Amino acid sequence: MAAEAASSSPPAAITCRAAVAWGPGQPLVMEEVEVAPPGPLEIRVKVVSTSVCRSDVTAWQSKAQPDLFPRIFGHEASGVVESVGEGVTEFQVGDHVLTVFIGECKSCKHCISGKSNMCQKLGLERKGVMHSDQKTRFSVKGKPVYRYCAVSSFSEYTVVHSGCAVKVGLTVPMDRVCLLSCGVSAGLGAAWNVADVSEGSSVVIFGLGTVGLSVAQAAKLRGASKIIGVDTNPEKQEKGKVFGVTDFINPNEMSEPVQQVIKRMTDGGADYSFECVGDTGVVSTALQSCSGGWGVTVTLGVPKAQPEVSAHYAFLLSGRTLKGSLFGGWRPKSDLPSLVDKYADKEIQVDGLVTHDIPFGDINRALELMLENKCLRCVIHMSQ
C-alpha cells in the first residue's frame, strides 16, 4: 500500500550529475544539479545516451549570449521516461524516447499546414528556458542553470516538453538511435524532403561530417548517379565512399575555384548542392556549383560567424534555387518513427557514423575531438 501511495504521489525534485558550462568555451564541470519535477505537459527523462553535435560546440564557444551561463548543453539524446507531468497522456514511466530540439504541437498554423515543421509553440528555443513558463528546470546550489535547445542532455536527468519527445521501441539500441534526434535525420531529410533528389541526378556536398554523409546516403538511396564530396580533410574520402560518395574534392589541393572543378565534372553544374559546413561563404560557392536553370542549393550548417549570406543576384535570376533546411523538414512526432523503423530494418546506416564511445565523466574529451575534427559523432554513455 505504501509503495502504491508513493508511486501515485507527484514527482519531487531529484539531484544528479550534469556537465555544466560556466562560461563560453570553458571546460564543462561535473556538478551536482537539482532537476525540478516535470510541469504540466512535460516529462522528466533519465538520459541513457547523448551525442555531441557540432551546434553544441558552436553554442558553447559563442560569446554572443554571455548571460545564458551557467548552461547545460546537449540535445541529441535518447532516454527513459522517469516521471510525467499533469496532462501527459502520450507517455508513461518506462517509455523509451528520443529528445528533439524542435517540437510538434499538432495544433498551431504550421503544424496543421502540412507544409512546415516549424511549430509556433515548440519551435527552436534560444533563451535557455522551457517553452511553457520561460523558466529553467536546473539549479546548482539554488542558482538557476540555463538550458539548451529545449533539451540539455548533458545531464543524467532532464525535463522536456512532451511535444519535444518521440517514443521509440524498447529493442532499438539507444546508444545509436540517439543520432536520429538531430544530425542524421537533418541530412536525410535535406536530400529527401527539402531538395527531393531525383534518380540519375548529380549531387555535390560541402562538408562530409555526420550531416553531409547522411545527405550522401540519402542521395545514394534515391539513385543519384554522381555524388561529389568536398572536404578539406583527406581522411573523409574513404569514409565518404561507405556512404555513397563517388568523387572527392579537397579544395586545398585545387589550383582553381572548386566551383569551376565541379562545373567541369558535371557538365555545367550539379543538379543539387548541399552546404553542410556552417560557413556562409560556402553557401555562395555551393550556389555557384549547381546548374543554371534548375539547380537547387540547400544550406544546413549553423554558421559560427558572419550569419549573412551574400550571393550575386544573377545566380538566382538564372534559375537556381537557394533553400534553407531545419531538421531536414521532418515533423518530429509525425515523421521520426518511420526513420527509426528504417534504421531498425537496416534500410539506413547510423552505426557507422559513431566514431567514439565515451563515458559521461570524459565528456570534455568529446568536445576536444570535435574541435580537432577527429570524430564524426562521439556518443556519451551516461551510465559509465
Side-chain angles (χ1 to χ4, degrees), residues 1-23 28-50 56 67-101 103 121-122 125-167 174 178 181 359-361 363 380-384:
M1 293 292 291
E4 290 180 8
S7 64
S8 61
S9 61
I14 57 176
T15 301
C16 70
R17 293 187 307 159
V20 178
W22 288 93
L28 307 187
V29 179
M30 205 62 67
E31 302 276 10
E32 290 290 322
V33 302
E34 184 174 275
V35 186
L41 298 180
E42 296 174 357
I43 60 176
R44 190 161 58 192
V45 176
K46 176 179 173 61
V47 180
V48 174
S49 299
T50 183
D56 289 313
D67 54 329
L68 292 189
F69 287 86
R71 199 172 191 184
I72 297 173
F73 289 98
H75 63 282
E76 202 174 77
S78 60
V80 179
V81 176
E82 176 268 343
S83 56
V84 301
E86 179 184 350
V88 174
T89 58
E90 180 183 357
F91 299 102
Q92 297 180 344
V93 172
D95 283 344
H96 288 194
V97 296
L98 290 178
T99 60
V100 283
F101 67 93
K121 295 181 181 179
L122 302 172
E125 207 296 306
R126 294 186 174 92
K127 299 178 181 178
V129 292
M130 298 294 293
H131 287 99
S132 55
D133 59 6
Q134 301 295 292
K135 295 180 181 179
T136 182
R137 297 291 182 266
F138 297 103
S139 62
V140 174
K141 298 178 181 177
K143 181 180 177 64
V145 178
Y146 289 99
R147 301 167 55 80
Y148 179 65
C149 275
V151 177
S152 291
S153 56
F154 294 170
S155 172
E156 291 176 326
Y157 288 85
T158 189
V159 176
V160 300
H161 193 285
S162 58
C164 295
V166 176
K167 190 183 301 185
M174 300 186 79
C178 60
S181 67
F360 186 34
I363 191 169
I380 308 300
H381 296 258
M382 306 302 286
S383 62
Q384 295 184 15

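Just so it is clear, the structure is predicted and the values come from calculations on it, not from any experiment.
Of the options Cys16, Pro11, Ser139, a side chain to side chain contact (heavy atoms under 4.5 Å, CB included) to Val35 is made by Cys16 and by none of the others.
The shortest distance between side-chain heavy atoms of Ser181 and Glu76 falls below 4.5 Å. Looking only at side-chain heavy atoms (C-beta outward), Lys121 and His131 stay at 4.5 Å or farther from each other. Using a 4.5 Å heavy-atom cutoff, the side chains of Arg147 and Thr158 are in contact.
Every residue two or more places apart in sequence or in another chain was checked for a side-chain hydrogen bond (donor to acceptor under 3.5 Å, both in side chains) with Lys135, and none qualifies. Not a single salt bridge (charged side-chain N to carboxylate O under 4.0 Å, His left out) links Glu31 to another residue, sequence neighbours left out. For Glu34, there are no salt bridge (charged side-chain N to carboxylate O under 4.0 Å, His left out) partners two or more places apart in sequence or in a different chain. With sequence neighbours excluded, the residues that form a ring pair (Phe, Tyr, Trp, His ring centres under 6.0 Å) with Phe101 are His75, Phe327. For Leu41, the side chain to side chain contact (heavy atoms under 4.5 Å, CB included) test picks out His161, Ser162, with sequence neighbours left out. Remark: Gln134 engages Lys127, Val129 in a side chain to side chain contact (heavy atoms under 4.5 Å, CB included) (not counting sequence neighbours). Contacts of Lys143 classified as side chain to side chain contact (heavy atoms under 4.5 Å, CB included), with partners at least two apart in sequence or in another chain: Trp22, Pro70. Considering only residues two or more places apart in sequence or on other chains, Arg137 meets the side-chain hydrogen bond (donor to acceptor under 3.5 Å, both in side chains) condition with Glu42, Asp133. Scanning for side-chain hydrogen bond (donor to acceptor under 3.5 Å, both in side chains) contacts around Thr50 gives Ser153, with sequence neighbours left out. In this structure Thr99 satisfies the side chain to side chain contact (heavy atoms under 4.5 Å, CB included) test together with Ala77, Val151, Val160, sequence neighbours excluded.
Summarising the geometry of Pro144 relative to Thr136, their closest heavy-atom pair is CB-CG2, 3.9 Å, with the distance given to 0.1 Å. Residues Ser78 and Leu98 come closest through the heavy atom pair CB-CD2, 4.0 Å. Minimum heavy-atom separation, Ala21 to Leu28: CB-CD2, 3.5 Å. Nearest approach of Gly163 to Leu122, heavy atoms of both residues: CA-CD1, 3.7 Å. Shortest non-hydrogen contact noted between Val97 and Ala165 is CB-CB, 4.4 Å. The two atoms that bring Val93 and Ser83 nearest to each other are CG2-CA, 4.0 Å, heavy atoms only.
The local environment of CD in Glu32 is crowded, with over 12 non-hydrogen atoms from other residues, nucleotides or ligands closer than 6.0 Å. Within a 6.0 Å radius of OH in Tyr146, no more than 12 heavy atoms belonging to other residues, nucleotides or ligands are found.
Applying the salt bridge (charged side-chain N to carboxylate O under 4.0 Å, His left out) rule to pairs touching residues 87-100 yields Glu90-Lys333, Asp95-Lys167, sequence neighbours excluded.
Between atom SG of residue Cys164 and atom CE of residue Met130 there is a gap of 7.5 Å, rounded to the nearest 0.5 Å. One finds the CZ atom of Arg17 at 5.5 Å from the CE atom of Met30 (value rounded to the nearest 0.5 Å). Here the CZ atom belonging to Arg44 is positioned 8.0 Å from the OH atom belonging to Tyr157, to the nearest 0.5 angstrom. The line from CZ of Phe360 to CZ of Phe154 is 8.5 Å long, rounded to the nearest 0.5 Å.
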